[in-house]
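Shown next, in structure tokens, is the structure this report addresses.
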Amino acid sequence: MLEIKNIRNNKDEIILNLSKRKVNNIKSIINDLIKLDDKRKKIKSLYDNLNSQYNQSSKEIGINIKEGKNSKIEDLKKQNSVIKEDIKKTTEDLKLIEKEIFDILTSIPNVPYKNVPQGNKQENNEIVFESEAIKIENKLLPHWDLIKKHKIIDFELGNKITSAGFPVYVNKGAKLQRALINYFLDEAIKKGYTEIQPPILINENSAFGTGQIPDKEGQMYKIENENLFLIPTAEVPITNVYQNTIIDTNDIPIKNVAYTPCFRKEAGSWGSHVRGLNRLHQFDKVEIVQIVSPEKSYSILDEMCNYVEELLKNLNLPYRKIRLCSGDLGFTSAMTYDFEVFSPGQKKWLECSSVSNFETYQSNRANIKIKLENRSKVLAHTLNGSALALPRILASIIENYQSNNKIKIPKVLIPYTGFDEI
RNA sequence: AGAGAGGUGGCCGAGUGGUCGAAGGCGCGCGCUUGGAAAGCGUGUAUACGGAUUAAUCUUCGUAUCGAGGGUUCGAAUCCCUUCCUCUCUGCCA
């Protein structure tokens, strides 16, 4: 959620950058918002003054009771009963306008960073890097055929015990999955991230804090009668660990990593692009999260991207790095890089990581601040990235490492799998 | 799940209707002291919003907040209701 103060101070810049997104009438929305806020300030002043008067009278009544001046007391009480009516009315007005402002603020997406390319189409995304040596051989099988052939993932079994989109990893498939998780966790720890094992159910407050609700509520599985959601990503619990905290500047940056399963309804998804491991309702992901000071967040975004790239290089998978255009940018993100691995069996790119800077959009909702040396507090910048999401990495490994009747295991994973081929 | 107890500032803890945003202690910051440190002394130490001030921070005044929400009262940390959470005992269970 944007800060109203920031909107007031940098109105033109915000309108300019927000208009890169497909938000209708952004200029008039912002202008109306500022008018509403002006009104709010006036009402707040009135409210404060009335309460001040009321408190003063109440104090005087107390003093008069002690001194036994009964005649004055009745006058003061009468006076207060009049003020009380005004306070009631003003309180209602204040609540109403605060709600109105809040609703507008939560409906505005994050402001794209200045160097986010503008556009609403896929081709407006900027390919920052693309691996060369990509195998395009017709004999290469898609991963769903290889999976069946080698019996490492069973989709029908998942259908039986749950429903579509919940595969069962079997035998070496399960071991490979576990190897990837451990490898990703260990690498992140080497880079200074602290491992966290969070709950995979979150409450409404946490879902609001990172921006899943109200915007993406329909994408999450909700637990009936509990007001809890299954996490769509570890970003939610990990970032919300710091909700309502003021972090000392010496404890910045905060770097956390977590492995969790992730659950997404993916409502409206259908067709060939959901085949095999391409899109699942439950999948595993290792997520890195940083909470940093505002002036450093973009260099940290680069640092996180470099880390993700390093993983992809170590796995020796063809990949590309994409700077998302304004139209593809997530609601809460100011700037996002996507990483895609190549699937030679499908002859297409698969998104396997998304690294984003949310600037203060999440920290304003979740109330995460940094206390600076001079005792002032600023909203922190939050960032997160998949490092990495498993299924498409797995698909890419299976397809890229296929040969004859085998699938080789990437070198870096062998210590984790204990076998070098499937 | 049943019975009981309880939720107060970074932490501990006092406060059962009146000037209480809250005693006292610990911790931490700053200053004095010291060759340096400890001790000692002094002083400061919540958050949000609004006003004044500022480039901004700081500062200052006002308002709100003692788990959350509502109620009683001129006045609520204190009384009442609802709700969430924690602890102890009993039950169940990986």
Side-chain angles (χ1 to χ4, degrees), chain A residues 1-14 33-102 104-105 197 199-209 223 225-229 240-252 254 293-295 360 363-380:
Chain A
M1 173 162 80
L2 302 180
E3 301 149 87
I4 188 78
K5 267 187 196 164
N6 190 26
I7 292 176
R8 300 185 76 107
N9 294 338
N10 305 300
K11 189 180 106 176
D12 294 335
E13 198 189 334
I14 285 174
L33 191 60
I34 291 173
K35 275 182 205 150
L36 274 173
D37 194 50
D38 289 338
K39 207 171 153 194
R40 188 198 113 251
K41 286 182 181 215
K42 277 186 192 145
I43 296 171
K44 170 68 173 153
S45 282
L46 179 64
Y47 171 86
D48 286 351
N49 283 332
L50 288 170
N51 272 302
S52 181
Q53 283 177 47
Y54 194 80
N55 292 343
Q56 194 54 42
S57 297
S58 294
K59 275 183 192 171
E60 277 179 42
I61 290 170
I63 291 163
N64 280 307
I65 287 173
K66 263 188 194 160
E67 295 175 353
K69 293 176 185 166
N70 290 339
S71 57
K72 249 192 156 177
I73 294 168
E74 286 312 309
D75 285 349
L76 286 166
K77 280 193 184 178
K78 257 181 217 162
Q79 192 185 312
N80 257 7
S81 70
V82 175
I83 302 173
K84 193 165 197 172
E85 286 307 305
D86 289 345
I87 290 178
K88 249 188 196 166
K89 170 84 173 56
T90 313
T91 307
E92 274 169 32
D93 290 348
L94 190 62
K95 277 186 181 169
L96 260 163
I97 200 156
E98 280 175 346
K99 172 85 167 59
E100 206 177 335
I101 290 170
F102 177 84
I104 295 170
L105 280 175
Q197 276 195 33
I200 58 172
L201 290 175
I202 42 127
N203 60 28
E204 281 182 317
N205 206 24
S206 295
F208 174 77
I223 309 293
N225 310 322
E226 295 277 355
N227 272 336
L228 296 173
F229 299 91
N240 278 291
V241 164
Y242 302 94
Q243 111 183 197
N244 294 319
T245 52
I246 298 172
I247 304 164
D248 194 280
T249 189
N250 297 317
D251 298 329
I252 291 291
I254 283 170
S293 59
E295 71 276 9
T360 59
S363 63
N364 190 33
R365 289 172 163 230
N367 190 23
I368 304 171
K369 290 186 178 171
I370 302 173
K371 191 171 199 167
L372 303 174
E373 306 276 3
N374 67 354
R375 289 171 60 198
S376 63
K377 290 126 213 143
V378 292
L379 288 171

Tell me whether the side-chain N/O atoms of A:Ser52 come closer than 4.0 Å to OP1 or OP2 in B:rG62. no

Residue list, side-chain hydrogen bond (donor to acceptor under 3.5 Å, both in side chains) with A:Lys369, at least two apart or on another chain: none

Is there a Watson-Crick or G-U wobble partner for B:rU53 with both distances under 3.5 Å, and which nucleotide is it? none

How many Å lie between CG on A:Asn49 and C1' on B:rU63, as a whole number? 9 Å

Taking 4.0 Å as the cut-off, does a side-chain nitrogen or oxygen of A:Lys377 come that near to OP1 or OP2 on B:rU47? yes

Validation row: A:Thr360, A:Ser363 side chains within 4.5 angstrom (heavy atoms): yes

Here the distance between atom C1' of B:rA48 and atom CZ of A:Arg365, to the nearest Å, is 19 Å

Does the structure show a Watson-Crick or G-U wobble partner for B:rU82, both distances under 3.5 Å? Name it, or say none. B:rA68

Does A:Asn51 put a side-chain nitrogen or oxygen below 4.0 Å from OP1 or OP2 of B:rG50? no

Would you indicate which nucleotide in B:rU47, B:rU63, B:rU19 comes nearest to any side-chain atom of A:Ile63? B:rU19

Quick note, A:Tyr47 side chain, CB onward, closest among B:rC58, B:rU47, B:rU63 is B:rU63

Below 4.0 Å: OP1/OP2 of B:rG50 and any side-chain N or O of A:Arg40: yes

Reckon A:Lys95 has a side-chain N or O less than 4.0 Å from the OP1 or OP2 of B:rG70? yes

Does any nucleotide pair with B:rC20 by Watson-Crick or G-U wobble geometry, both distances under 3.5 Å, and what is it? none

Nearest 0.5 Å, please: how far is OH in A:Tyr54 from CD in A:Gln79? 11.0 Å

If you assign each of A:Lys66 and A:Lys371 to its closest nucleotide in RNA chain B, which residue comes earlier from the 5' end? A:Lys66

Could you give the side-chain donor-acceptor pairs of residues 202-209 of chain A under 3.5 Å, partners two or more places apart or in another chain?
| unit_1 | atom_1 | unit_2 | atom_2 | d |
| --- | --- | --- | --- | --- |
| A:Asn203 | OD1 | A:Asn205 | N | 3.3 |
| A:Asn203 | OD1 | A:Ser206 | N | 2.9 |
| A:Asn203 | OD1 | A:Ser206 | OG | 3.2 |
| A:Asn205 | ND2 | A:Gln243 | OE1 | 3.0 |

Answer for the Watson-Crick or wobble partner of B:rA48, both distances under 3.5 Å, is B:rU63

Any strand counts, and the cut-off is 3.5 Å on both contacts for Watson-Crick or G-U wobble. Which nucleotide pairs with B:rC41? B:rG31

Considering every strand shown, what is the Watson-Crick or G-U wobble mate of B:rC26 when both distances are under 3.5 Å? B:rG10

Specify the residue among A:Ser45 and A:Asn367 whose closest nucleotide of RNA chain B lies further upstream toward the 5′ end. A:Asn367

Look at all strands and tell whether A:Lys77 reaches a base, only sugar-phosphate, or nothing, counting heavy atoms closer than 4.0 Å. base

A:Gln56 CD to B:rG18 C1': how many Å, rounded? 13 Å

Going by an N to O cut-off under 4.0 Å, is there a salt bridge joining A:Asp38 and A:Lys35? no

Heavy atoms from other residues, nucleotides or ligands near CD of A:Gln197 exceed 12 (cutoff 6.0 Å): no

Specify the closest pair of heavy atoms between A:Asn364 and A:Leu2, including all atoms of both residues, with the distance to one decimal. ND2-O, 3.4 Å

When rounded to the nearest 0.5 Å, the distance separating CD1 of A:Ile101 from CG of A:Leu96 is 11.0 Å

With respect to the side chain of A:Asp48, which nucleotide from B:rU57, B:rG50, B:rU73 is positioned closest? B:rG50

Hey, does the side chain of A:Tyr54 come within less than 4.0 Å of B:rG75's phosphate (OP1/OP2), counting only N and O? yes

Across all strands shown, which nucleotide pairs with B:rU73 by Watson-Crick or G-U wobble geometry, both distances under 3.5 Å? none

Among residues 240-250 of chain A, which contact RNA chain B at a heavy-atom distance under 4.0 Å? A:Ile246

Watson-Crick or G-U wobble partner for B:rG4, using a 3.5 Å limit on both distances? B:rC87

